[in-house]
Structures are given as structure tokens and as C-alpha cells.
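Some notes on the structure that comes next.
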Amino acid sequence: MGLRTIRDIDLKGKAILLRADFNVPLKEGVITDDTRIRAVLPTIQFILDQEGTSLILMSHLGRPKGERKPEFSLMPVSERLSELLGRKVAMAPDCIGDEVKRKAEGLGAGEVLLLENLRFHNGETKNDPGFAKNLAELGDFYVNDAFGTAHRAHASTEGVSHYLPSAAGFLIEKEVKFFAPLLEDPAQPFVAVIGGAKVSSKIGVLESLLKQCKTLIIGGGMSYTFLKTKGHSIGNSLCEDEYLETAGSLLDKAAEKGVEILLPVDHVVADEFCESSEALLINSSDIPPGKIGMDIGPKTVELIQSRIAEAKSLIWNGPMGVFEFDPFAKGTIQVAEMVAACQGVTVVGGGDSVAAVNKFNLASKIDHVSTGGGASLEFLEGKALPGIVVLQDQE
Ligand code: ADP
Ligand code: MG
């Protein structure tokens, strides 16, 4: 699997069309978190450091659904990017059209143009070939560094690659570098810690991880479906009854393969699903009638501690409890701390898990915190990501 990266290519004198993920959170037109912009800076800087290059940036923002809506303008991104780069980032009036083309063609060496929101046009998400071709006409070379949308075959992530030579930026390179070995030949023991709300959204990930992992730790809302299928009582905890059978067969498969499965052996429960509900410790795998499982308990934390500490490679996806509510965040905090302390290669993926790691200020102690929620899950499921496939040389 040879990923072509900007390192392998002579970019000198070229106009580079770079797909980035500038889908940042905005509040009343102000960027509240610029992590995604900062994540692409090394790629932007590298491109601009090559002799005679100009740069045309493109991204989507939110879901304007094919309509030009001012609240989804990328203007705030062009301003923040100008500050971060210390050079002017001009804002284009649209992402295609004659005026945009003139602006792109008029760029001198070292100049940067940001195209307006790609999703102001339906052609983007429809992967319309005409729209993709219009984008391709703006540059000489296509670089994709938007890992967060790499699982979507859109015009700017997939279509455009049919009209221009292409390569991956450093962010996609890094994501692939950390995720690919987990599916192929992870350093053993490979431990997977999977939580979050639903079995249904993670079953593909669980099945895929069973192939390589030595220990699979299941926590969070999805653990109750597994406990129930094993005959435990789960009170009023979250459960997907239509997945009881699937959960059961996953446990059977794990037993056949000799993969150790660890489920919660104690719980923090509540009477109601709300932050103000009193947290009560249940020192058993079974949850009494009427109670809702909200977090893993201290015995469970202790049980999984040695596995996490011994891991040579580790993936964590999905919180261990309702960490958004302080009284039920402890299990997730402790797992985050154990992952941070693990000496092996540690990877965290998934929107909420990454939010948890950031909330607890542990990101710098983890080897790789993925920038793509949905994309990282599909990668772990072993699916080919359309935005990455087109950047690979087929052997
Ligand atoms: P990720 O985005 O990291 O992949 P998910 O989206 O699968 O994670 O799950 C995150 C959600 O799971 C959080 O909103 C969290 O509150 C919820 N969750 C965790 N444990 C429980 C639980 N015991 N009951 C209900 N919801 C839970
Ligand atoms: Mg989520």
C-alpha cells in the first residue's frame, strides 16, 4: 500500500490545489476551536516553502446543503489562517466560476487563495464529475489532507483526483501511519478499548479488531447489551435488544480465537439519565431493577488497568460512561489517564473520545489523537476510504 505524499513529489513552480478540513466550530461567526486549521499548517508550510509554489485551499464548512448561506462562509477561516501563517490568505467569492479561475491563475509565488465553502454547490457531495473538473482546472497538482472527510467520495476528496496528479499531505500520512498497522501487524499485546453509546455503530469495528487484538475491553453504553446477552440483569440501562444475538456471536467468535474480552464487573448507576441524579456504586456485574448504568466502577478500572499498562499497541474508541455529566465521568477520566501512561503506541479515535481526551488535557501524552471521527471508525472497520484509495499506488 504505497501512499504518495508531498514528500515524494517535485512541487516547484506549481499551483497546488489543497483539500483541507476547515470544518471548524463557529459561534456567532467566531471560531471557537482552531485545532483543525492548525493540524494542516505543516502541509501548508511545506508547500509554500517549495520554490515558486502558489496555493489554492478548499474545504467544506457545516451543512449548507447546496445553498449559498452566509453563516457557512469560510471567511473567518481565511482570517485565522492569515494570522497563523503570517501572510495574506485571500478569500475567493466562490469555489468555481470564471472570477475564481481568474483569481487562481493570477496567484504569484507564495500567494494563497481560499475558495468559498464547497458545499454551497450540490456537486460537491454528489461527486459530480463536471464540478470536480471545474475544481481541478484551478491548479496543476492536487493534495488531500482532509482526513476527516476521507471516508466520503465527494468531488473535492475523490472526483478531483481523476483530473490532476495527486498526493497526500502530512496529516493524512500520519493518520494512515498510525491506523494501518493496527489492522495489519500491530505490536503485541494489542489492546482495544471500545465504548460509547451503541453496539450498532461499533459492531463493524469490534469484528474488525477481533482479527488482531489480544484483549478487547468493552465499556460504556454498549456494554449492557453484551452483559444482557450473557444473562446479567441490566436494569434500565441502554440496550439494543435487536443486537443481543450479534453481541452473543461476537463473544463466541472471540472465545474461538482466544481473544480475551473484558466487560464491566461493577457499575456507577443512577435513577434517571441526568447530571443531577445521584451516583450510586453497584459492586456487581448485575444492575438492580430500575437503575441505569452510567459509568464503569472502580473494580472494572482496576481489572483493565494491567491490560492497558502492558499493551504494546492500543486503540481507544468510545467513552466508558456518560462523561459529559461530571458525576459519571470518572471511568472515562481514569481510562484516559491509563492510556496516557501506557508505554506502547497509543491511538485514540472517535469524535467523543477525542473530545474527552482534550477535556482532560491528555492529548499530548497520547501518540496519535485522530482528527477524523467517522473516518477513523471506517478505517478501523477495514473499509477502504475513497479519499485515500486515490492517493495510493496500486502494486
Ligand atoms: P465516539 O464519538 O468516541 O466514537 P460514541 O459516539 O460511540 O463515541 O459514544 C459517545 C457517547 O456515548 C457519549 O455521548 C456518552 O454519553 C455515551 N455513553 C457512554 N456511556 C453511556 C451509558 N452508560 N449510557 C448511555 N450513554 C452512554
Ligand atoms: Mg460520537
Side-chain angles (χ1 to χ4, degrees), residues 17-41 44 55-85 88-107 111-139 142-161 163 169 171 351-352 354-355 371-375 386-387:
L17 180 64
L18 172 62
R19 173 55 155 109
D21 181 2
F22 293 145
N23 185 26
V24 290
L26 286 171
K27 207 172 176 184
E28 281 150 25
V30 179
I31 298 170
T32 54
D33 182 353
D34 65 1
T35 309
R36 284 185 168 154
I37 302 178
R38 289 174 188 274
V40 201
L41 289 178
I44 293 179
L55 183 59
I56 299 124
L57 294 162
M58 57 178 174
S59 176
H60 76 285
L61 176 68
R63 295 184 176 184
K65 302 200 169 147
E67 274 176 58
R68 200 185 171 89
K69 294 188 183 147
E71 66 270 32
F72 293 106
S73 170
L74 280 164
M75 183 65 102
V77 172
S78 75
E79 286 161 5
R80 179 63 58 91
L81 201 51
S82 299
E83 287 164 23
L84 292 169
L85 288 173
K88 186 173 174 233
V89 175
M91 189 68 214
D94 199 347
C95 56
I96 55 167
D98 290 342
E99 199 187 334
V100 176
K101 213 170 159 193
R102 261 196 310 278
K103 282 212 153 72
E105 278 165 4
L107 288 177
E111 291 187 329
V112 186
L113 176 70
L114 173 60
L115 304 183
E116 189 49 284
N117 196 338
L118 293 159
R119 292 195 189 167
F120 283 175
H121 296 261
N122 276 324
E124 165 63 357
T125 52
K126 288 200 170 123
N127 198 5
D128 176 71
F131 180 74
K133 200 158 176 248
N134 286 335
L135 292 174
E137 284 163 1
L138 301 174
Y142 167 64
V143 177
N144 188 3
D145 216 16
F147 181 73
T149 43
H151 57 315
R152 308 275 182 232
H154 291 168
S156 68
T157 60
E158 200 274 345
V160 68
S161 73
Y163 303 102
L171 185 58
D352 294 285
V354 169
T371 57

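Since the structure is predicted, the reported quantities are computational estimates derived from the model, not experimental observations. Residues take their numbers from the sequence shown, with the count starting at 1.
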State, yes or no, whether a side-chain contact exists between [X] and [Y] at a heavy-atom distance under 4.5 Å.
X    : Y   : value
V40  : F22 : yes
V100 : P93 : yes
I31  : L26 : yes

To the nearest 0.5 Å, what is the distance between [atom1] ([X]) and [atom2] ([Y])?
X    : Y    : atom1 : atom2 : value
T149 : E158 : OG1   : CD    : 12.5 Å
L114 : E116 : CG    : CD    : 7.5 Å
L81  : M91  : CG    : CE    : 10.5 Å
R68  : H121 : CZ    : NE2   : 7.0 Å
D145 : D21  : CG    : CG    : 9.5 Å
F120 : L74  : CZ    : CG    : 7.5 Å

Between [X] and [Y], which heavy-atom pair has the shortest distance, and what is it?
X    : Y    : answer
L138 : C95  : CD1-O, 3.4 Å
M58  : L17  : CE-CG, 3.6 Å
R19  : S59  : NH1-CA, 3.5 Å
R63  : F72  : N-CE2, 3.8 Å
A132 : Y163 : CB-CE1, 4.0 Å
G139 : I56  : CA-CD1, 4.4 Å

Going by the rule ring-ring contact (aromatic ring centres under 6.0 Å, His included), which residues pair with H60 if we only count those two or more places apart in sequence or in a different chain? none

Using the rule given for side-chain contact (heavy atoms from CB on, under 4.5 Å), can you reason through N117 versus E124, listing the C-alpha separation, both sets of side-chain angles and the distance that settles it, and then say yes or no? CA-CA 10 Å; N117 196 338; E124 165 63 357; over 6 Å; no

Report the C-alpha separation of T371 and R36 in whole Å, then their side-chain angles, then the decisive distance to 0.1 Å, and conclude whether the side-chain contact (heavy atoms from CB on, under 4.5 Å) test is met. CA-CA 7 Å; T371 57; R36 284 185 168 154; 5.8 Å; no

Closer than 3.5 angstrom, by distance alone: can the side chain of [X] be matched with the main-chain N or O of [Y] as a donor-acceptor pair?
X    : Y    : value
S78  : M75  : yes
T157 : G387 : no
D128 : F131 : yes
N23  : L61  : no

Between E105 and R102, is a salt bridge (charged side-chain N to carboxylate O under 4.0 Å, His left out) present by the stated rule, with each step listed? CA-CA 5 Å; E105 278 165 4; R102 261 196 310 278; over 6 Å; no

Test side-chain contact (heavy atoms from CB on, under 4.5 Å) on I96 and L135; report intermediate values, then the result. CA-CA 6 Å; I96 55 167; L135 292 174; 3.9 Å; yes

Carefully, step by step, assess L84 and R38 under the rule side-chain contact (heavy atoms from CB on, under 4.5 Å). CA-CA 8 Å; L84 292 169; R38 289 174 188 274; 3.8 Å; yes

Would you find more than 12 non-hydrogen atoms of other residues, nucleotides or ligands less than 6.0 Å from K69 atom NZ? yes

Sole residue of L113, V77, I44 in side-chain contact (heavy atoms from CB on, under 4.5 Å) with L57: I44

Test of understanding: with side chain to side chain donor-acceptor pair (under 3.5 Å), list the residues that count as partners of R152, not counting sequence neighbours. none

